[in-house]
K.L.:
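Please find one structure pasted underneath; my questions will follow.
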Amino acid sequence: MKYACELKRSIYIALWFILLTFPIMVVKVNTIENVIVWRWINIAGIGVGAFVLSFFWQLYLRKKMTSQQTAPEKVSILNRLIENQKIYRLALFIAGIFALIFPFVFSHYQVNIMTTALIYVMLGLGLNIEVGLAGLLDLGYVAFYAVGAYSYALLNYHFGLGFWTLLPVSALLAAFFGILVGFPVLRLRGDYLAIVTLAFAEILRLVLENWNDFSFGPSGISNIPRPGFFGMNLTLEQSAIYMYFLLIALCGLTIFVTYRLQHSRIGRAWVALREDELACQATGIDKTKAKLTAFALGAMWAGIAGVLFAAKTTFINPASFTFMESAMILSIVVLGGMGSIPGIILAALAIILLPEYLRVFSDYRMILFGAALIIMMIFRPGGLMADRRKQYEFHRSDIINKS
Amino acid sequence: MDNILEVKNLTMDFGGLRALNNVSLHIQRGEIVALIGPNGAGKTTLFNCLTGIYKPTAGDILLYPPDGKAKKISGLKINIITELGVARTFQNIRLFGGMTVLENVMIGRHTRSKSSILGAIFRPPATRSEEKTIIDKSYSILEYMGLAPLVNELANNLPYGAQRRLEIARALATDPHLLLLDEPAAGMNPQETNELDALIAQLRTDYNLSILLIEHDMKLVMNLAQNISVLDYGEEIACGTPQEIRRNPAVIKAYLGEEADAEVS
């Protein structure tokens, strides 16, 4: 028979699932009446379900195998769309219009979560410089975020400086901190670097948590002022809208700057560093300089995002800067596609907004979210929109350039 | 003597292992020198010392750039040595696989360009024209190396011979005056080797290069090199013209063993 092999395998998988889920799906202990209820009907459901799903999965795999033999390189639909200039411009236009009217159409709550998502867009694009371009796996990115948020909160508390003064100051402080972290880890790469950066972030968080005189410990800092708008008094709702537009503008700036950096001499050097460190040095790139600029520029955006976060929530404490945040930002970069700016924007919106909109499914929300991530990574291992190298325009020349 | 590179009593230890022992070598301007020897003789170690990947335990490496005075390069950083005009290729090809062919060569122009972070963001006319020069120059090098039809392919997807040539193209893009080739003919078929032979000879005149190459293909070495240096167990056992090396008993012994009396062909 044509599908004999798939059928046999599916039956094994169904049996295996029945065995695995037997204790939780069949046996139920009723502690009030002290009896065990055997729910045999469940096992039938699991058996059939597992069988059907695995059968279709294997059919899919088979189809994929055969199609792969015929078509070697397949560019994803999203990438093809974005490379079509007409559709790209149209999409950009629609997104722009949507972003402009969004706060006037949707509720205060919606505007707030969108603002949060935009902060993560910024964080994702910043981490993309480190992880996506320069290949420096940084698991402690949240440390720079914390530096930004705390430098705004503390400098404001002690010296009464305003949002607009402290935004560049905090960005520079975060960049400086990035270089500080960058120096000792210059020789490390890959997993070693990941562990050291993780440790740095934890050290910073523990310091913030325990150094009461400096950072007010776990109780955090409250009453951080929202950004001013020409000295006007804004209502809560107005300031949320203002915050939203501020973030749209700053995200635009982030996209512009990261795009320009990516397609410059420095961006190329970062990618070369990611591809092969030794060859990159032998081709004349200063490894130290390239790594430190990547750390500094990546950290700078985290610092800016930190200031915005502090200004938005008006309260910060160390609990906002746990490893979970770093993991979240990293998964935005990986999910979006390393080095791909549109991919990361999409991924940041998806990762932050999905759990909110999945609230309908109440208890199952995080399960669905996790499942969505797993399925994504199976079907699109390169990310939502994998980065594609730029095709440069060049001019024929008949002269051999001599040194 | 118009030396371009002088290696004086170079010694390199790895823990208790002496990989290079008192090796001396000199290359004259415009000359092709070959470095041969059995596997594990220390040829690649010498290359790594020359390019700054290893810091030699003892001895000096002096570079005489065409314009300027002698400079001691032993112990300098890798990228500084490249900047001084020493470029190399690797024995096991080390391209930037995820980048296009053109980008690989553009990376080579990095040391010869200088636009900064601010330049990258604001893209003033100076940066734009610099970028254009980088692209055009890289393209012309690729054209010269016969890789022009492949400029927008990913380096990983190139056939083997093209990858070897791309590595040389990338090295050329750094404007070297001394080119170090580490087994350029490894894995090539006889026809490709012949093409490479012609290419290297051509390169030397067109780009005013001096070339030091490691190679196991004796036909290529004998054809190209004016001088051959033979290493064995980290020691230089012979040095001279191809004719002299061909008849040198120490070299024949190193290559073929104790009782062999055949010529190295």
Side-chain angles (χ1 to χ4, degrees), chain A residues 72-73 129 132-133 135 175 253 256-290 292-294 296-297 300 338-339 382 386-403, chain B residues 51-53 77-80 82-83 85 87-88 90 94-100 102-104 106-117 119-123 127 130-132 134-141 143-144 151-152 154 167 170-177 206-209:
Chain A
E73 201 194 6
I129 294 178
L133 298 181
L253 181 73
F256 175 78
V257 171
T258 46
Y259 179 83
R260 281 266 167 112
L261 282 175
Q262 185 169 354
H263 297 287
S264 72
R265 170 174 174 267
I266 294 159
R268 278 197 302 273
W270 285 335
V271 177
L273 188 71
R274 177 188 77 190
E275 295 288 325
D276 191 321
E277 209 171 297
L278 187 61
C280 157
Q281 285 172 279
T283 322
I285 291 168
D286 189 344
K287 179 179 90 168
T288 315
K289 216 164 136 192
L292 288 181
T293 45
L297 287 169
M300 190 186 82
M338 302 251 219
D387 181 37
R388 303 196 60 211
R389 301 307 308 168
K390 187 180 173 187
Q391 317 266 294
Y392 288 92
E393 280 185 24
F394 41 78
H395 309 279
R396 283 192 147 275
S397 59
D398 298 316
I399 341 134
I400 296 162
N401 287 289
K402 291 176 191 173
S403 54
Chain B
T51 50
I53 294 173
K77 274 167 83 177
I78 308 172
N79 56 300
I80 302 288
T82 309
E83 220 175 297
R88 74 171 288 181
F90 292 89
R94 302 187 80 130
L95 289 168
F96 308 121
M99 301 174 94
T100 64
L102 186 66
E103 281 177 309
N104 266 276
M106 284 166 76
I107 291 289
R109 299 298 304 165
H110 191 92
T111 52
R112 304 294 170 223
S113 49
K114 50 180 181 293
S115 68
S116 63
I117 296 172
I121 296 170
F122 296 112
R123 235 177 252 180
T127 308
E130 186 184 81
E131 189 78 2
K132 199 175 153 286
I134 293 176
I135 295 172
D136 291 348
K137 176 124 198 201
S138 305
Y139 185 71
S140 71
I141 292 172
E143 226 171 10
Y144 179 83
V151 277
N152 281 326
L154 286 189
E167 252 208 329
R170 187 180 65 186
L172 285 178
T174 62
D175 283 349
H177 48 82
D206 286 347
Y207 285 86
N208 294 322
L209 289 172

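Being a predicted model, the structure only gives us computed values, none of them experimental. Residue numbering restarts at 1 for every chain, and letters A, B, ... go by the order of the sequence lines.
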K.L.:
How many angstroms lie between atom CD1 of Ile117(B) and atom CG of Leu297(A), to the nearest 0.5 angstrom?
P.N.:
4.5 Å
K.L.:
Quick one: CG on Leu253(A) to CD1 on Ile121(B), what's the gap to the nearest 0.5 Å?
P.N.:
8.5 Å
K.L.:
Looking at Leu278(A), Leu261(A), Val257(A), Ile266(A), which has the largest count of heavy-atom pairs under 4.5 Å with chain B?
P.N.:
Leu278(A)
K.L.:
So which part of Thr288(A) gets closer than 4.5 Å to some heavy atom of chain B, the side chain, the backbone, both or neither?
P.N.:
side chain
K.L.:
By a 4.5 Å heavy-atom criterion (distance strictly below it), what part of Ser116(B) contacts chain A: side chain, backbone, both, or neither?
P.N.:
backbone
K.L.:
How many angstroms lie between CZ in Arg274(A) and CZ in Phe96(B), if you round to the nearest 0.5 Å?
P.N.:
11.5 Å
K.L.:
If I take atom CG from residue Asp286(A) and atom OG1 from residue Thr111(B), how far apart are they, to the nearest 0.5 angstrom?
P.N.:
11.0 Å
K.L.:
Could you look at Glu130(B) and say if it's the side chain, the backbone, both or neither that has a heavy atom under 4.5 Å from chain A?
P.N.:
side chain
K.L.:
Between Leu154(B) and chain A, which part of the residue has a heavy atom less than 4.5 Å away: side chain, backbone, both or neither?
P.N.:
side chain
K.L.:
Report which part of Glu83(B) has an atom under 4.5 Å of a heavy atom belonging to chain A: side chain, backbone, both, or neither.
P.N.:
neither
K.L.:
Between Gln281(A) and Thr82(B), which heavy-atom pair has the shortest distance, and what is it?
P.N.:
O-OG1, 3.8 Å
K.L.:
With side-chain contact (heavy atoms from CB on, under 4.5 Å) as the test, would you mind laying out the steps for Arg123(B) and His263(A) before giving the verdict?
P.N.:
CA-CA 11 Å; Arg123(B) 235 177 252 180; His263(A) 297 287; 4.2 Å; yes
K.L.:
Locate the shortest heavy-atom distance separating Arg170(B) from Ala279(A); write the atom from each residue and the value.
P.N.:
NH2-CB, 3.9 Å
K.L.:
Decide side-chain contact (heavy atoms from CB on, under 4.5 Å) for Arg268(A) and Ile134(B); before the verdict, give the C-alpha distance in whole Å, the side-chain angles of both, and the deciding distance to 0.1 Å.
P.N.:
CA-CA 12 Å; Arg268(A) 278 197 302 273; Ile134(B) 293 176; 3.9 Å; yes
K.L.:
Give the minimum heavy-atom separation between Ala282(A) and Phe90(B), together with the two atoms involved.
P.N.:
CB-CZ, 3.7 Å
K.L.:
Chain A: which of Glu103(B), Arg88(B), Lys77(B) shares the most heavy-atom pairs with it under 4.5 Å?
P.N.:
Glu103(B)
K.L.:
Is the shortest heavy-atom distance from the side chain of His110(B) to the side chain of Thr283(A) under 4.5 Å?
P.N.:
no
K.L.:
If you compare all heavy atoms of Gly284(A) against all heavy atoms of Asn79(B), which two are closest, and at what distance to 0.1 Å?
P.N.:
C-CB, 3.7 Å
K.L.:
Tell me if a side-chain donor or acceptor on Arg265(A) pairs with a main-chain N or O of Ser113(B) at a distance below 3.5 Å.
P.N.:
yes
